[in-house]
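In each ligand, atom 1 is the first atom listed, and ligand 1 is the first ligand listed.
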Amino acid sequence: MTELYQRIASAIEFGEEEEAVALTEQALKEGCDPVGIIQEAFSVGVLACGQKYNDGVFFLPDLMLTGEAMKAGLALVMPALTKVAEGSFGGKVLMGAVEGDVHDIGKNICLSILLANGFEIVDAGVNLPSDRLVALVAEHQPDIVGLGSYMSTTLPALAESVRRVKESGYNGHVVVGGVAVNARWADEIDVADGYADDAWGCVNLCQSLVGTAEQTEVSGYGAGSDKVKIR
Ligand code: B12
């Protein structure tokens, strides 16, 4: 990791939003790869923060600050990602976190890496009731609907959301992910069309589902995750 990436990761880890923004601007000015900034700086900082929380060193306010700092950094990187992907169209993905769940860091990373790989993205936000989800799907007509659950307590909402989208007459694909989901759950629930455990897996999965996997090379360092499950 370069020193600049290390400094960005540290600003994200400690929730220093202004510092994260200034350093991300610097990285973009210096011509750093936007996918590299997400993978080697933002994600590293987020994971370090999560680890400190698990170890009892950080508390909820620390997590919130990290989430905000990453969101601010990501907002700067997004336009650069669109440029990376210009000309290659991989389909449209609408993604949100299900009702009762406000975790959005993982969803935002997935959406940004999808964008970098030529997908058109629609961010459906967090805490998404299934009625609203169904309305958004009808409005945007995505090729793929991605739904995330980040707590075991929102897994029932995830199952319900997938079912509601399928029953609405939508004939695209529905994929699931998030830290609360695993391949076995996705399999047992028997309604989703696929599951992936990280952002690169998510891109691979979406490319396979819309048939662009062979034409496009996944842009990213973890590309080629084998923890992708397609029904
Ligand atoms: C950051 C965080 C928060 C932040 C969220 C900030 C934000 N803007 O997102 C805040 C402080 C708000 C928060 C709140 C809460 N949290 Co919290 N949080 C976390 C934490 C530390 C990290 C989550 C994260 O961002 N991980 C990093 C990202 C990159 O990983 P990820 O989300 O898994 O995403 C990756 C993959 O899953 C995949 N992916 C993600 N989405 C999708 C979607 C699709 C379709 C696909 C294919 C793939 C995919 O790709 C991503 C990138 O690789 C986790 C613990 C942990 N270490 O995971 C707890 C954790 C998720 N939270 C937890 C809890 C309990 C809560 C609270 C209830 C706490 C409280 N007492 O209030 C509240 C709930 C709020 C709510 N209603 O949702 C628990 C859940 C336990 C459970 N029951 O399962 C965890 C596991 C902590 C713990 N060990 O107890 N939290």
Side-chain angles (χ1 to χ4, degrees), residues 9 12-13 15 17 35 38-75 93-114 116 119 121-128 133 142 144-158 161-162 165 172-183 185-186 189 192-209 218 220-223 225 227-231:
I12 298 281
E13 177 182 351
E17 185 173 328
V35 177
I38 295 171
Q39 168 77 6
E40 294 189 38
F42 294 170
S43 300
V44 170
V46 165
L47 292 177
C49 168
Q51 190 55 51
K52 283 204 165 69
Y53 177 75
N54 289 345
D55 294 344
V57 178
F58 273 7
F59 299 95
L60 283 179
D62 302 298
L63 300 183
M64 290 167 92
L65 290 174
T66 287
E68 291 307 309
M70 201 202 81
K71 210 177 273 177
L74 213 46
V93 182
L94 178 144
M95 192 180 288
V98 297
E99 185 164 22
D101 212 317
V102 303
H103 296 88
D104 67 357
I105 293 175
K107 166 183 70 65
N108 292 343
I109 291 179
C110 285
L111 283 173
S112 59
I113 302 298
L114 282 165
F119 283 86
I121 56 165
V122 181
D123 186 351
V126 296
N127 191 17
L128 189 60
L133 171 66
I144 298 171
V145 175
L147 294 171
S149 160
Y150 307 89
M151 298 188 291
S152 50
T153 47
T154 57
L155 283 172
L158 178 58
S161 297
V162 178
V165 173
H173 309 281
V174 184
V175 300
V176 294
V179 70
V181 188
N182 57 41
W185 185 90
I189 209 73
D193 301 309
Y195 156 81
D197 81 334
D198 64 16
W200 319 107
C202 179
V203 172
N204 282 327
L205 175 61
C206 292
Q207 287 185 333
S208 309
L209 289 170
V218 179
Y221 302 87
S225 163
K227 291 189 187 146
V228 175
K229 187 161 176 64
I230 303 176
R231 295 194 61 80

What do you think, any protein heavy atom under 4.0 angstrom from [atom]?
atom: atom 38 (C) of ligand 1; result: yes
atom: atom 81 (C) of ligand 1; result: no
atom: atom 52 (C) of ligand 1; result: yes
atom: atom 3 (C) of ligand 1; result: yes

- Protein heavy-atom partner closest to atom 9 (O) of ligand 1 - residue, atom, separation in Å: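 Here the closest protein heavy atom is D104 N, 2.7 Å.
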- Query: Of all the non-hydrogen atoms in the protein, which one sits nearest to atom 86 (C) of ligand 1, and at what distance?
  - Reply: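 In this structure, atom 86 (C) of ligand 1 has Y150 O, 4.6 Å as its nearest protein heavy atom.
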- Query: Is there at least one pair of N or O atoms, one from H103 and one from ligand 1, spaced under 3.5 Å apart?
  - Reply: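 Yes; at least one N/O pair falls below 3.5 Å.
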- Any N or O on M151 sitting closer than 3.5 Å to an N or O of ligand 1?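 No - when backbone and side-chain N and O of M151 are compared with those of ligand 1, no distance drops under 3.5 Å.
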Go through ligand 1 atom by atom and flag the ones less than 4.0 Å from a non-hydrogen atom of [X].
X: G146; result: 45 (C)
X: V179; result: 33 (O), 37 (O)
X: V102; result: 9 (O), 75 (C), 76 (C), 78 (O)
X: D198; result: 38 (C), 50 (O), 53 (O)

- Taking S43 for the side chain and I38 for the main chain, is one N or O donor matched with an acceptor at less than 3.5 Å?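 Answer holds: yes.
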- Is a side-chain N or O of D55 found less than 3.5 angstrom from the main chain of V57, in a donor-acceptor match? no
- State if G100 counts as touching ligand 1 under the rule of any non-hydrogen atom under 4.0 Å.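 Contact check G100 vs ligand 1: positive.
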- Item | Validation row: L155, W185 side chains within 4.5 angstrom (heavy atoms) |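 A side-chain contact exists here, since the closest heavy-atom pair is under 4.5 Å.
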- Per-residue contact class, I105 against ligand 1 - non-hydrogen pairs under 4.0 Å: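 Both backbone and side chain.
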- Query: Which bit of S152 gets closer than 4.0 Å to ligand 1, counting heavy atoms only: side chain, backbone, both or neither?
  - Reply: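 Both of them.
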- Message: To the nearest 0.5 Å, what is the distance between CG on L128 and CG on L158?
- Response: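 It is 11.0 Å, given to the nearest 0.5 Å.
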